Amino acid sequence: MTEAVTSAAAPAPADFIRDIVAEDVAARRYAKIVTRFPPEPNGYLHIGHAKSICLNFGIARENHGRCNLRMDDTNPAKEDVEYVDAIIEDVQWLIAGWADHCLGFKPKGATPAAQVTDGRPDFYLGAAPGPDGAEPFFASDYFGPLYEFAVTLIGKGRAYVCDLSPKETEEYRGSPDKPGRDSPFRTRSVAENLDLFARMKAGEFPDGARSLRAKIDMASPNIWLRDPLLYRIRHTAHHHTGTQWCIYPLYDFAHCLSDYLEGITHSICTLEFVDHRALYDWLLESLGLPRALPHQYEFAKLNLGYTLVSKRKLLQLVQEKIVSGWDDPRMPTIAGFRRRGVPAAALRQFAYAIGVTKFDGLTDVALLEHTIREELNRTALRRLAVLKPVKLVLTNIPAGEVIACDATNNPQDENPTTRSVGLTREIYIEADDFAEVPPPKYFRLKPGGDVRLKYACIITCQEVVKDAAGRIVELHCTADLDSRAGGPNAARKVKGTIHWVSATQSIAAEVRLYDRLFNVPEPDADGAFLTHVNPHSLEIVTARIEPALAAAAPGQALQFERLGYFAVDAKAGTPGRLTFNRTISLKDTWTKGPAPK
RNA sequence: UGCCCGAUGGUGUAAUGGUAGCACAAACGACUCUGACUCGUUUUGUCUAGGUUCGACUCCUAGUCGGGCAGCCA
C-alpha cells in the first residue's frame, strides 16, 4: 500500500479528475499535462492543502507532467514573505522522494517574457529549470502581462472602468434571487476606459474610487457573472513587487490568466469555486488566446474529525496563543505534523486513501492515525523508554553487574539488526505495568506474579516497598536468568512482557505527550471552536530512555516499545537533554474508551 | 427562496446499464518476548417516489435532505 505513494511503478489511484486527465491524454489535447498548486501566502499549509498537493503532484507524476508551485499573491494586504518561505519548505518536504522531479520552478527573479505564438502576442512562460537559483511561481510576477490582458479586454469592449463605490457596487449587484442593475458607467467608450484604466495604474485615484469590471450580464443567475471586478486600487506595498503597483487584479482575473501563462492544462480547485468556472472560461475565451486553454475542475476539500482545516481559524489559535505557533505539534499544519514526527509518506498515503470526489463529507481521523501507524510500524527504530518510572530491584543480580541483552531494532525489517541493552540490578519499569490490586485479565506485574522483561528475562515480584505515606517506592523481584534468549528456560511462557531501562545506564529526557486539540468531532460546528479546545492536549513528563537514544536526531522515526511512536523535537531540546514528541500512541485494544492519540 | 453542486454500511470510497466491492472503525477469535504487527470470522449500505429498460447505485422526472454563491478576500 505504501508502495503506491513511494514507487513510480505503483498503480495510481483513480478518481473523476484523473479520469478527465486520462481522456485528455488519450485525445492528445495537450503536449504535456501541467497542474499547479496555488496557495495564497497568508498562512501555513495544513492537511487540507496536503490533499490538494498530493492530487496535483500525483497527476503530474503519473502523466510525466509538471506541477507548478505558485504563490497566489494578488492581495498585498494579507500576504507575507514569512509564509512564502514556510510554504516552499512544506511543499518540498511533502513531495520529497516522490514527486520532486515534477515540481515546476522558474529562474529566480524571472518574469514572463513577451513572445509571439501563432502570430499573436502571448506571454507563455517556458518549462521550469532545475532547483539551483530557482524559485516558485508568483502570480505577482504576472502583473505586467495581466495589465496588458486587461487593456486587451477593454479594447474588445468587454471591460469597463466603474466609478461606483464599494457600497454602491454591492447594491447594484442585486441578490441571489434578484437580478442586479447595470452600472451607470457600463457604457463608457473604449477610449475613455483605456484612459481611466491607465490613470488608475498611474496612481491618480484613491483606494476604492474606481475599479475595472468585466462587462457580462448584471441579470445573470450566477452572481459571479454580474460584471465582476477585475482590478481594484490599493496604494499598498506588495511583499513581492514592492511599490511598483497601486492597482491589483482580483482572484478571478489573475487566476485563469496565471494558469494560461504557465501553460497549465488542468486547474484543480475546491468546490466553492464551481460558480466561478463560468467566469474563468469567459475571461479566457474573451481574450482570443492562441494556445490551448486550461480548464478548471473542482473537488471537495478535506473535512477531518476533531480538527480544524481552515487557515483563518488556525491563525486564530496561533494569535491567541492556544498553541505555540503554526508548527506546534498539535497543529494540523504540514509543519506541525513534520515536527511531531509524522512522515510525509503517511500524509501522502492518507491523501490517497480518502480519495477525490465532489461529496462534502467528514473524514474520520482514525484513518489518518492508521496511515501514520502503518508507515511508522514499517520504518521506526524500536527503543526502550519508560515514561512514568517506578524503580525495580532485581535482588539476585549483584550491584555493578551489567548483563548484555540483544534487542531488535526493527522486527519488520527483512533482516533485523540488534543492539545491546544492559540489564542491571536496579531498573525502571512503567508505573502502569505494576498493579498491587490487578484488574481482571491483567497480564503485567503484580505481587507474587511473573512477567518477562523485554529482551531480558522473566522476573517474579517478591516485595512491594512503600514509604510512610503508603506510596510505592520500589519493587523487589528475582530474575530467572536462565529464561534469557538461548538459556535453558528461554521457552518459558508468561502472559505478559513489559519494557524497562537500566536505572544506572538510562538517561533522562523530556517527553511531550499529545492528545487531540479539540474534544468534539466538529470543533466549529457551532462557530465557537475556541470553547472546544482540549485542556489536556499536552502533557509533559520526564522519562528514562535507553542510552542508544542519545544519538537520536530529528526526522528519525522511533518507537518506544509498547508505548507509541516518538520523534526528537527539532526546536525544543537543550544540549545534553533531548525533547521527544509523541507522534502517536500504539493502538491499544486493552484499555477501553476513546482511542488515544 | 434565484442559480450551482452533491447523496452507496458508523466513516471515507469503488462499481460508468449486468453478482454492491475495498479501506478505516467496531466486535469476536488465533498468534505473540510490543495487549503492537499479522491472520481469521462477523455486523452494517445504494435518500424517497415515479419512469425508461430483459435488467438501474448508474439514465430521466419530481421531491427530500445536505453544501456553496450576494468581498474592491482567495
Side-chain angles (χ1 to χ4, degrees), chain A residues 1 13-16 19 38-40 42 72-75 77-79 162 164-166 169-171 173-180 207-213 220-226 228-234 248 250-252 254-255 269-278 298 300 305 311-312 353-371 373-374 377-378 382 384 407-408 411-412 441-444 452-458 483-485 490 492-499 559-564 585-591 595:
Chain A
M1 210 174 172
D15 55 62
F16 78 99
D19 288 346
E40 183 186 16
N42 65 345
D72 207 0
D73 56 352
T74 56
N75 184 356
K78 291 190 174 182
E79 298 147 8
C162 181
L164 251 26
S165 71
T169 304
E170 188 187 329
E171 287 161 7
R173 187 155 35 225
S175 60
D177 52 347
K178 270 191 314 218
D207 289 4
R210 294 183 213 263
S211 62
L212 183 73
R213 302 177 67 177
S220 172
N222 181 344
I223 282 172
W224 293 101
L225 258 23
R226 319 240 267 224
L229 272 75
L230 270 20
Y231 268 89
R232 79 278 228 183
I233 300 171
R234 284 284 174 279
Y248 292 95
L250 277 105
Y251 167 84
D252 290 293
H255 205 90
C269 60
T270 48
L271 252 25
E272 63 266 35
F273 293 102
V274 169
D275 292 336
H276 296 237
R277 190 174 58 231
E298 313 86 12
K311 259 194 266 184
R312 209 197 89 242
I354 57 179
V356 177
T357 66
K358 299 175 89 156
F359 176 65
D360 187 28
L362 178 65
T363 298
D364 192 340
V365 247
L367 185 55
L368 207 213
E369 295 171 348
H370 171 259
T371 61
R373 289 193 179 104
E374 185 180 51
N377 178 51
R378 267 184 57 235
R382 311 298 129 120
L384 296 176
T408 306
Q412 303 289 325
K441 292 201 182 161
Y442 189 78
F443 297 165
R444 285 107 95 147
R452 179 176 283 278
L453 296 180
K454 180 86 179 173
Y455 302 126
C457 60
I458 293 169
S483 64
R484 283 182 294 161
R492 201 182 139 196
K493 299 286 180 201
V494 286
K495 201 65 186 163
T497 299
I498 64 173
H499 59 278
Q559 183 195 103
F560 292 175
E561 294 216 41
R562 298 210 313 130
L563 295 171
S585 68
L586 247 29
K587 209 154 114 188
D588 183 355
T589 49
W590 185 62
T591 314

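Numbers restart at 1 for each chain; the letters A, B, ... are given by sequence-line order, proteins then strands. From a predicted model like this one, the values you see are computed outputs, not experimental measurements. Basis for what follows: all heavy atoms, side chains included, without hydrogens, waters or symmetry-related copies.
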Tell me if the side-chain of A:Asp275 makes a donor-acceptor pair with the base of B:G68, cut-off 3.5 Å, by modelled atom types.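 Between B:G68 and A:Asp275, which were checked side chain against base, a qualifying N/O pair under 3.5 Å is present.
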Write down the distance separating the [atom1] atoms in [N] and [M], rounded off to the nearest Å.
N     : M     : atom1 : answer
B:A62 : B:G6  : P     : 15 Å
B:U44 : B:G10 : C1'   : 8 Å
B:G12 : B:G29 : P     : 30 Å
B:A23 : B:G45 : C1'   : 15 Å
B:G17 : B:G51 : C1'   : 15 Å
B:U11 : B:C69 : C1'   : 28 Å
B:U34 : B:A20 : C1'   : 39 Å
B:U52 : B:G67 : P     : 35 Å

For A:Thr363 and for A:Arg277, find the nucleotide of RNA chain B with the closest heavy atom, then tell me which residue's nucleotide is more 5'.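 It is A:Arg277, whose closest nucleotide lies nearer the 5' terminus.
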How do A:His255 and A:Asn222 order along RNA chain B: which one's closest nucleotide is nearer the 5' end?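 Of the two residues, A:Asn222 wins.
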Looking at [options], which one has an atom nearest to any side-chain atom of [X]?
X        : options             : answer
A:Asp19  : B:A7, B:G35, B:U16  : B:U16
A:Leu367 : B:A23, B:U13, B:C69 : B:A23
A:Lys454 : B:U34, B:C24, B:U13 : B:U34
A:Lys587 : B:C33, B:A7, B:A36  : B:A36
A:Asp177 : B:A36, B:U1, B:C73  : B:U1
A:Ser175 : B:C72, B:A7, B:A70  : B:A70
A:Pro176 : B:A74, B:A70, B:G12 : B:A70
A:Pro221 : B:G35, B:A74, B:C3  : B:C3
A:Arg562 : B:U34, B:A74, B:C72 : B:U34
A:Ala485 : B:G35, B:C33, B:G12 : B:C33

Given [N], is OP1 or OP2 found less than 4.0 Å from the side-chain N or O atoms of [X]?
X        : N     : result
A:Ser220 : B:C3  : no
A:Thr589 : B:A36 : yes
A:Arg232 : B:A74 : yes
A:Lys178 : B:G2  : no
A:Arg173 : B:C72 : yes
A:Arg226 : B:G2  : no

Mind checking [X] for me? I need base, sugar-phosphate or nothing, with any heavy atom below 4.0 Å counting as a touch.
X        : value
A:Lys358 : sugar-phosphate
A:Phe273 : base
A:Lys441 : base
A:Glu561 : base
A:Leu164 : base
A:His276 : base
A:Arg382 : base
A:Thr408 : nothing

For [N], the Watson-Crick or wobble counterpart (both distances under 3.5 Å):
N     : answer
B:A74 : none
B:U13 : B:G21
B:G2  : B:C69
B:A7  : B:U64
B:U58 : none
B:U52 : none
B:C39 : B:G29

Look at the side chain of [X] and the backbone N and O of [Y], then say whether any donor-acceptor pair between them is shorter than 3.5 Å.
X        : Y        : result
A:Asp364 : A:Gly305 : no
A:Ser483 : A:Ile458 : yes
A:Arg226 : A:Ser175 : yes
A:Lys311 : A:Glu40  : yes
A:Arg382 : A:Ala407 : no
A:Arg173 : A:Pro228 : no

With a centroid cutoff of 5.5 Å and a plane-angle limit of 30°, would you call A:Phe359 stacked on B:A7?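 It does not: the two rings, one from A:Phe359 and one from B:A7, miss the stacking criterion.
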Check whether the aromatic ring of A:Tyr251 stacks on the base of B:A74, taking stacking as ring centres less than 5.5 Å apart and planes within 30° of each other.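 Per 5.5 Å and 30° rule: no stacking.
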Does any part of the side chain of A:Asn75, heavy atoms only, come nearer than 4.5 Å to the side chain of A:Arg232, both counted from C-beta?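 When only atoms from C-beta onward are counted, A:Asn75 and A:Arg232 do touch, with a gap below 4.5 Å.
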Using whole Å, what does the distance between atom [atom2] of nucleotide [N] and atom [atom1] of [X] come to?
X        : N     : atom1 : atom2 : result
A:Arg312 : B:G71 : CZ    : P     : 16 Å
A:Leu362 : B:G10 : CG    : P     : 15 Å
A:Arg378 : B:A36 : CZ    : P     : 21 Å
A:His370 : B:U11 : NE2   : C1'   : 14 Å
A:Glu369 : B:C24 : CD    : P     : 14 Å
A:Asp364 : B:U44 : CG    : P     : 20 Å
A:Asp15  : B:G6  : CG    : C1'   : 16 Å
A:Asp207 : B:C73 : CG    : P     : 10 Å

Ignoring hydrogens, what is the shortest heavy-atom contact between A:Gly208 and A:Arg234? Give both atom names and the distance.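 So the minimum-distance heavy-atom pair works out to N-NH1, 4.2 Å.
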Looking at the angle O4'-C1'-N9-C4 for a purine or O4'-C1'-N1-C2 for a pyrimidine, is B:G51 syn or anti, with syn meaning within 90° of 0?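 The base of B:G51 is oriented anti (glycosidic angle more than 90° from 0).
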Can you tell me how far apart CZ (A:Arg562) and OG1 (A:Thr497) are? Round to the nearest 0.5 Å.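 Answer rounded to 0.5 Å: 7.5 Å.
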Is the A:Tyr251 ring parallel, tilted or perpendicular to the A:His276 ring (thresholds 30°, 60°)?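 Perpendicular.
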